[in-house]
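Let me begin by presenting the structure, written as structure tokens, before commenting on it.
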Amino acid sequence: MRITTSMVMRNYQNNLYGTLGGLDLSRKQVETGRRVFSAYEDPSAAARAAILERRSARNAEYQNNIQNAQSWMDEQENVVYKLGQLATTVSEDYSVSAVTDTAGDIGRDTYAKALRSMQQSMVQLLNTKYSNSFVLSGNGSVDEAPFELSEDGKTLLYRGVDVNDPANTAILDQLAAETSYVDVGFGLEFDNTGQIVSSSAFDTALPGINVIGYGQTADGTSKNLILLAGQMADLLEADDFDRDAYEKLWNQFKEGSDMAQDAITELGTKTQLLTTTMDRLESEAISIQDQYNNEVGIEPAEAITGYSWAMYAYSSALKIGTSIIGPSLLDFLS
């Protein structure tokens, strides 16, 4: 069989291209840490890797949801904490003995002004926004503040509903029970009516009326802290101070202020749940990555060694090429 120069050159070029392809593959393995890049290289590993990639994407989404929920709840906790401080101030410093031990009408008037100032401060806190949403509006509109206090401080509306009107108890109960669920990896499920199963998602809603109260007691006393503060101020400003009536309102305010403290405790419990869930997801993410590396990954030392051999083979092929490619007329024209 006659072997021509063109045959040698063609075989050499084919082999050189193959060696260059191996070098490129080794380079990508070193750069990416992956052993395979296409499904045909290892179909079973590629199939398992695809499943792990989907799990990893879901895990990352859950972690992102938790981070957003935590930021949202941090703002809620900040608002409720400040409300609790104001409520504690009234509970501890505005008792009957405190307001009557002052210098007569002038002293009571000072307390009244302070209570009205606290009314406004509470409403402003309750209407705090995070990003473009009100943190204590339940599932309410993001465009309208949930709380509105009348100029005389005698009427408070929550999403347009009078919180002190007994006729509104049913609708206020519904507003107080509103939820806003986030999928954080609990296994989101829906019941037969299409509603989310509460145990399968995380609730980030905190309707403000659950913090400051709504409705009336059996004897007609308001349960709302903001209205109670205004009514206490009215008594302090009256010409004849009604000690018994004031003490009744103050006792109800003190009892209602416990709701703010309970809300802080509840938020702390939910925050702890988020922290625990995040820790679990981070551990799961590491496990998924380890499994993924076992399927399609390559050890760094193996990848670098393979790259070194591929580079050596390519360099050797180039040197061999100089010996099989003879001089041509162009080499002598210079």
Side-chain angles (χ1 to χ4, degrees), residues 47-84 125-144 146 158-159 173-212 259-297:
R48 291 190 294 270
I51 295 174
L52 292 171
E53 287 174 351
R54 289 193 293 271
R55 288 181 55 191
S56 179
R58 285 197 301 269
N59 182 283
E61 181 180 358
Y62 295 150
Q63 291 193 45
N64 183 65
N65 289 344
I66 287 179
Q67 291 172 352
N68 292 335
Q70 186 61 70
S71 297
W72 175 263
M73 293 186 61
D74 285 344
E75 190 61 32
Q76 288 180 335
E77 190 168 1
N78 181 52
V79 171
V80 174
Y81 176 75
K82 291 179 179 178
L83 284 169
L125 284 171
L126 289 165
N127 288 334
T128 298
K129 296 184 72 174
Y130 175 78
S131 186
N132 292 322
S133 301
F134 295 94
V135 297
L136 298 184
S137 65
N139 266 335
S141 170
V142 299
D143 299 322
E144 299 180 1
Y158 175 69
R159 288 167 57 181
D173 286 340
Q174 293 179 355
L175 293 174
E178 283 186 337
T179 56
S180 179
Y181 288 113
V182 176
D183 186 7
V184 294
F186 293 162
L188 187 64
E189 295 181 5
F190 296 86
D191 59 22
N192 295 332
T193 64
Q195 300 297 315
I196 295 177
V197 177
S198 60
S199 60
S200 68
F202 184 83
D203 183 17
T204 61
L206 178 58
I209 51 175
N210 289 337
V211 180
I212 59 171
M259 296 179 63
Q261 304 303 324
D262 293 341
I264 294 175
T265 301
E266 181 181 354
L267 286 172
T269 302
K270 295 173 72 173
T271 296
Q272 183 60 44
L273 176 59
L274 284 181
T275 301
T276 302
T277 305
M278 178 63 86
D279 291 341
R280 176 181 62 80
L281 289 173
E282 289 176 346
S283 298
E284 181 182 338
I286 295 174
S287 175
I288 292 173
Q289 187 61 47
D290 289 340
Q291 296 177 59
Y292 185 83
N293 289 338
N294 290 335
E295 294 297 340
V296 298

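Treat the numbers as computed from the prediction; the structure is a model and nothing was measured.
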Measure the CD1-CD1 distance between Ile51 and Ile288 for me, rounded to the nearest 0.5 Å. 12.0 Å
So CG of Leu274 and OG1 of Thr204: to nearest 0.5 Å the spacing works out to 9.5 Å
Donor-acceptor contact present, side-chain Asn139 to main-chain Thr179, <3.5 Å: yes
For residues Ala285 and Gln63, report the shortest heavy-atom separation together with the two atoms involved. CB-NE2, 3.9 Å
Determine whether a donor-acceptor pair (N or O, by modelled atom type, separation under 3.5 Å) exists between the side chain of Lys270 and the backbone of Asp203. yes
For Asn132, does the CG atom sit with more than 12 other heavy atoms under 6.0 Å from it, leaving out its own atoms? no
Within the 4.5 Å heavy-atom criterion, are Phe134 and Arg159 side-chain neighbours or not? no
Closer than 3.5 angstrom, by distance alone: can the side chain of Thr128 be matched with the main-chain N or O of Leu125 as a donor-acceptor pair? yes
If you define the side chain from C-beta out and look only at heavy atoms, does anything of Ile196 sit under 4.5 Å from Leu188? yes
Distance, nearest 0.5 Å, that separates OG1 of Thr276 from CD of Gln272: 4.5 Å
Which atom of Ala205 lies closest to which atom of Ser180, heavy atoms considered: CB-N, 3.5 Å
Non-hydrogen side-chain atoms of Val80 and Leu206 separated by less than 4.5 Å: yes
For Val184, is there any backbone N or O sitting under 3.5 Å from a side-chain donor or acceptor partner on Asn65? no
Just to verify, what does Gln289 make a side-chain contact (heavy atoms from CB on, under 4.5 Å) with, not counting sequence neighbours? Tyr292, Asn293
What is the distance from atom OG1 of Thr269 to atom CG of Leu273, rounded to the nearest 0.5 Å? 9.0 Å
Give a yes or no answer on whether the side chain of Asp183 reaches the backbone of Gly185 with a donor-acceptor pair at less than 3.5 Å. yes
Just verifying a value: how many Å separate Thr275 OG1 and Met278 CE, rounded to the nearest 0.5 Å? 8.5 Å
Could you state the interatomic distance from OG (Ser71) to CD (Gln76), rounded to the nearest 0.5 Å? 11.5 Å
Between Glu189 (side chain) and Val197 (backbone), is there a donor-acceptor pair under 3.5 Å? no
At their closest point, which heavy atom of Phe186 faces which heavy atom of Thr277, and how far apart are they? CE2-OG1, 3.5 Å
Listed pairs under 3.5 Å, donor-acceptor, residues 259-266 side chains, sequence neighbours left out:
from, atom 1, to, atom 2, distance (Å)
Thr265, OG1, Gln261, O, 3.1

For Tyr181, look at atom OH and say whether over 12 heavy atoms of other residues, nucleotides or ligands are found less than 6.0 Å away. yes
Would you kindly say whether Ser287 and Gln291 are connected by a side-chain donor-acceptor distance under 3.5 Å? yes
Candidate list Leu136, Asp74, Val135, test side chain to side chain contact (heavy atoms under 4.5 Å, CB included), partner Tyr130, passing option: Val135
